[in-house]
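The block underneath contains the structure these notes are about, expressed in structure tokens.
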Amino acid sequence: MAPKVFSASSRIMTEITTKDCDMVKCIEKEYYLKATGKPIVLVDHHKRILNHLFTPVDGELPYRTMIFSAPKKSAKTEIAAAVTYGYTRIFGGNCYSIANDIEQSKSRMFDRVVSALSLMREKNNKLYEKVVHPDFHKAIWKNKEIFFNDNRPKKQLNPGPHWLRYIASDYAGEAGGMPALTVWDELWAYKSESSFRLWDEMQPIPNLPASIRFITTYAGWHGESQLLWGIYEEIVKPDPYNAQEKHGTKVLGLEDLPCYYKDRYFVYWDHIARMPWHSQTFLHEAKNDPAVKGRESEFRRLWQNEWTTGAEAFLDMTVVDARMEEGESLGLVNNMEM
């Protein structure tokens, strides 16, 4: 029998076609963008995905682990920050920003939340004082953690204090904690044994009604990014070296997007650059950037979100094909085909 949450997935998708969940409403009302000085306006496919992920079913969220993977410049870090802010506001609990080192864990997602709160203080101080604990009003930029007030739009699912803290992937001091949310940046880079241990230690807590992992990442390299590959292979399934393998189970209501699930894992794994600024001109310039010359696999990993080996062919196939055609025109024979 399928888990109760997925038997209810059609009800979720019916509801979100007519209204946004509390999480999305909160993000679009309260999460301020540095680029505009205004609350974020989610693009359509991001909004649909977040509505599906954060609409509770029978008092629980449908998934425990959620992966958001898309080509470069798809607003992954901003989405992670917005999700963290909205999650803390709506569901509450102990929330963590985790990255490959301590500086990265601060400068990526955590600093985006700090920036959003600073803009909120400037644009809507009344809301800011309602959201952030008074001890953090004066020195928010200098803190390693942010405590939030208990002023929720609705009663939160998770009891206790509500805060956001950043830690590095090799950090062992949070053993035995009660994480309501852990946000992981670029999971492809988690390769050490300490990274695997932290992943196991910071797993969702089953006795919390809202306890999840949220991961934003590119594809990784075969044979190196084992933690991410294990999830991708199990949920998304297609191996680029096995053309006969079928994709995983698509999410009902999101069939037009590359969204897959298995049990309480959800993976959005996109190869298409869908953001408004992803024009053909923009992508052409990225592909022809001198910095990626001779590194076609890195372009495919970053801009097409494909798994690669990290190794380049000795000769580009266009060069090989041109030389083969030239040889044939000169009457040369390929004895390997005989």
Is it true that a side-chain atom of Gln304 and a backbone atom of Pro71 form a donor plus acceptor pair closer than 3.5 Å? no

Would you find a donor on one side and an acceptor on the other, under 3.5 Å apart, between the side chain of Ser225 and the backbone of Trp188? yes

Grab the two heavy atoms, one from Val83 and one from Met23, that are nearest each other, plus how far apart they are. O-CE, 3.2 Å

Quick one: are Tyr260 and Lys237 in side-chain contact, heavy atoms under 4.5 Å? no

Can you tell me if Ser69 uses its side chain to pair, donor with acceptor, with the backbone of Thr217 under 3.5 Å? yes

For Ile79 and Leu42, run side-chain contact (heavy atoms from CB on, under 4.5 Å): C-alpha distance rounded to whole Å, both residues' side-chain angles, the deciding distance at 0.1 Å, then the answer. CA-CA 9 Å; Ile79 288 294; Leu42 297 167; 3.8 Å; yes

Among Ile27, Leu50, Thr55, find the one that has a side chain to side chain contact (heavy atoms under 4.5 Å, CB included) with Cys21. Thr55

Assess the residue pair Ile67 and Leu228 against the criterion (side-chain contact (heavy atoms from CB on, under 4.5 Å)); give the C-alpha distance rounded to whole Å, side-chain angles, the decisive distance to 0.1 Å, and a yes or no. CA-CA 10 Å; Ile67 291 184; Leu228 180 59; 4.1 Å; yes

All heavy atoms of His46 vs all of Ser74, minimum pair found to be CE1-O, 3.4 Å

Applying side-chain contact (heavy atoms from CB on, under 4.5 Å) to Ile90 and Phe54, what does each step give before you reach the verdict? CA-CA 10 Å; Ile90 299 301; Phe54 295 105; over 6 Å; no

N-O pairing of Arg264 and Glu60 below 4.0 Å: yes

Under 3.5 Å, side chain of Glu255 to main-chain N/O of Gly253, donor-acceptor pair present? yes

Has the side chain of Arg64 got a donor or acceptor atom that lies under 3.5 Å from a matching backbone atom of Ser211? yes

Taking C-beta and beyond as the side chain, do Glu30 and Pro39 meet within less than 4.5 Å on heavy atoms? no

Glu122 meets the side-chain hydrogen bond (donor to acceptor under 3.5 Å, both in side chains) criterion, sequence neighbours left out, with none

With a sphere of 6.0 Å drawn around NZ of Lys250, does it hold more than 12 non-hydrogen atoms of other residues, nucleotides or ligands? yes

Is there side-chain contact between Leu227 and Phe196, with heavy atoms separated by less than 4.5 Å? yes

What's the separation between atom CD in Gln226 and atom NZ in Lys191, rounded to the nearest 0.5 Å? 10.5 Å

Starting at CD1 of Ile215, measure out to OH of Tyr265 and round the result to the nearest 0.5 Å. 7.5 Å

More than 12 heavy atoms from other groups under 6.0 Å of NZ on Lys72: yes

Main chain of Asp111, side chain of Ser115: is a donor-acceptor contact present, judged purely on distance under 3.5 Å? no

Roughly how far, to the nearest 0.5 Å, is the OG1 atom of Thr88 from the CD1 atom of Ile146? 8.5 Å

Are Tyr63 and His52 linked by a side-chain donor-acceptor pair shorter than 3.5 Å? yes

Step by step, would you call Asn305 with Trp269 a side-chain contact (heavy atoms from CB on, under 4.5 Å)? CA-CA 8 Å; Asn305 202 28; Trp269 199 283; 3.3 Å; yes

Linking directly or through intermediates, with side-chain heavy atoms under 4.5 Å: list the remaining ILVMFWY members grouped with Val43, chain and number order. Met275, Trp277

Separation between CZ of Phe91 and SG of Cys26, rounded to the nearest 0.5 Å: 10.0 Å

Heavy atoms of Asn149 and Val132 approach each other most closely as ND2-O, 2.9 Å

Closest non-hydrogen contact found for Leu53 with Leu61 is O-CD2, 3.9 Å

For atom CD of Gln280, is the number of surrounding heavy atoms from other residues, nucleotides or ligands below 6.0 Å larger than 12? no

Please check if Phe282 and Leu302 belong to a single hydrophobic cluster, counting links between Ile, Leu, Val, Met, Phe, Trp and Tyr side chain heavy atoms closer than 4.5 Å. yes

Heavy-atom side-chain contact between Thr36 and Val41 under 4.5 Å: no

If you take the centroid of each ring, where Trp contributes its six-membered ring, are Tyr268 and Phe68 closer together than 6.0 Å? yes

Can you check whether Lys47's main-chain N or O pairs, donor with acceptor, with Asn51's side chain at less than 3.5 Å? yes

Using only atom types and a distance under 3.5 Å, with no angle test, would you say the side chain of His247 pairs donor to acceptor with the backbone of Val236? no

Side chains of Glu298 and Trp221, heavy atoms from C-beta outward: is any pair under 4.5 Å? yes

Any side-chain heavy-atom pair from Ile212 and Tyr87 closer than 4.5 angstrom? yes

Give a yes or no answer on whether the side chain of Arg274 reaches the backbone of Ala70 with a donor-acceptor pair at less than 3.5 Å. no

If you measure from OG on Ser97 to CZ on Arg165, what distance do you get to the nearest 0.5 Å? 12.0 Å

Determine the minimum heavy-atom distance between Thr308 and Ser297, stating which atoms define it. CG2-O, 3.3 Å

Flag the pair Trp163 / Asn94 as yes when at least one side-chain heavy-atom distance between them is below 4.5 Å, and no otherwise. yes

Is there a donor-acceptor pair closer than 3.5 Å between any side-chain N or O of Lys123 and the backbone N or O of Lys38? no

Describe, in one word, how the ring planes of Trp307 and His222 are oriented to each other, choosing from parallel (under 30°), tilted (30 to 60°) and perpendicular (over 60°). tilted

Would you call Asp20-Lys29 a salt bridge at under 4.0 Å N-O? no

Counterpart residues, side-chain contact (heavy atoms from CB on, under 4.5 Å), relative to Pro179 (two or more places apart): Tyr96, Thr182, Met202, Ile205

Using 30° and 60° as the class boundaries, would you call the ring planes of Tyr85 and Tyr31 parallel, tilted or perpendicular? tilted

Compare all side-chain heavy atoms of Lys73 with those of Trp303 and state whether any distance is below 4.5 angstrom. yes

Write down the atom of Trp184, the atom of Trp199, and the distance for their closest heavy-atom approach. CH2-CA, 3.5 Å

